[in-house]
Amino acid sequence: MIRSLFYQSDLHMDSSDFVVRNAYSEEFEEIGSLLVQVYSQLEGFPTAMEQPDYYRMLANIGEQTKKPETELLVAASSDGKIAGAVVYFSDMKYYGSGGTATQEKNASGFRLLAVNPIYRGLGLGKLLTNACIEKAKSRKQRNVVIHTTEAMQTAWHMYEKIGFKRSKNLDFMQGKLPVFGFRLKISSK
């Protein structure tokens with residue numbers, strides 16, 4: 001039985017009330033439902049009718065964990081509520097997007113970041129993003145590669161504030177949808 005994606009939100013919560021961890025297999029269905037909900041509500045983003053394979057991939061997000069070097073991370077509250085998720089790729093050849101990203105060397109990436117609407121504004125997107133960056137640093141990667149669309153302006157601005165820069169060579173078309181590449185260079189300290 002899938003738990004409801006909507007919880008009574010505690011207005012006094014912030015990102016410090018959540019931990020980023022690997023998702024448990026029994027959470028995959030719930031996370032898939034969250035991703036479908038979030039992406040289907042993006043204004044200007046393709047619908048499930050327009051891109052059924054994409055939405056099928058979102059709904060079955062746990063399948064991503066079968067790829068080598070791939071982790072499904074969640075932002076979870078102390079009582080186990082899943083507030084957000086992202087897929088992290090230690091090796092870009094498993095990234096699975098269009099364009100040239102899968103050919104990137106010395107890079108990690110992440111895709112499919114989503115935060116439950118009732119938990120937005122708590123900094124969970126940034127928390128998940130920073131967890132991916134830290135994983136890339138621990139693997140001594142030189143870059144973190146991501147993609148976003150014009151429908152994802154909140155995420156786009158967050159990525160730029162963190163230090164991601166547009167990388168036009170990573171752009172591609174997903175059907176009729178332009179998808180924009182970004183890169184964060186990691187210092188080699």
Determine yes or no for a side-chain-to-main-chain donor-acceptor pair under 3.5 angstrom, with [X] supplying the side chain and [Y] the backbone.
| X | Y | answer |
| --- | --- | --- |
| H147 | F110 | no |
| E69 | S90 | no |
| S167 | N169 | no |
| Q153 | E150 | yes |
| T65 | E63 | no |
| T47 | E50 | yes |

Any salt bridge linking D171 with K168? Criterion: basic side-chain nitrogen under 4.0 Å from a carboxylate oxygen.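 No salt bridge links D171 with K168.
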
If you measure from the Lys or Arg side-chain nitrogens to the Asp or Glu carboxylate oxygens, is any gap between R21 and E27 under 4.0 Å?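 Salt bridge between R21 and E27, a charged N being under 4.0 Å from a carboxylate O: yes.
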
For the atom pair [atom1] ([X]) and [atom2] ([Y]), what is the distance rounded to the nearest 0.5 Å?
| X | Y | atom1 | atom2 | value |
| --- | --- | --- | --- | --- |
| D17 | S78 | CG | OG | 7.5 Å |
| L42 | S40 | CG | OG | 8.0 Å |
| L177 | T149 | CG | OG1 | 5.5 Å |

Should [X] and [Y] count as side-chain neighbours, where that means a heavy-atom distance under 4.5 Å?
| X | Y | value |
| --- | --- | --- |
| Q51 | R56 | no |
| V38 | V115 | no |
| N60 | F28 | no |
| Q37 | P117 | yes |
| V144 | R183 | no |
| M57 | Q64 | yes |
| L184 | K165 | no |
| I186 | N143 | no |

Axial cation check for Y95 ring with R111, 6.0 Å and 45° limits: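 Judged by the rule, R111 and Y95 form a cation-pi pair.
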
So if I apply the ring pair (Phe, Tyr, Trp, His ring centres under 6.0 Å) rule between F180 and each of Y159, F172, W156, which one comes out positive?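 Going through Y159, F172, W156 one by one, the ring pair (Phe, Tyr, Trp, His ring centres under 6.0 Å) with F180 is satisfied by W156 alone.
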
For the residue pair Y88 / S108, report whether a side-chain donor-acceptor contact shorter than 3.5 Å exists.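 Yes, Y88 and S108 have a side-chain donor paired with an acceptor closer than 3.5 Å.
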
Let's go through Y54 and Y39 carefully: what are the C-alpha distance in whole Å and the side-chain angles of both, what is the deciding distance for side-chain contact (heavy atoms from CB on, under 4.5 Å) to 0.1 Å, and is it a yes or a no? CA-CA 10 Å; Y54 187 80; Y39 282 78; 3.7 Å; yes

Are L112 and Y94 grouped together when hydrophobic residues (ILVMFWY) are joined by side-chain heavy atoms under 4.5 angstrom apart?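 Yes, it is one cluster - the side chains of L112 and Y94 are joined through contacts under 4.5 Å.
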
Would you tabulate the side-chain donor-acceptor contacts of residues 130-137 under 3.5 Å, counting partners in other chains and residues two or more places apart, or write 'none'?
unit_1, atom_1, unit_2, atom_2, d
N130, ND2, K126, O, 3.4
K135, NZ, E71, OE1, 3.0
K135, NZ, E71, OE2, 3.4

Centroid separation under 6.0 Å, is that true for the rings of F164 and F182?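 Not under 6.0 Å, so no.
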
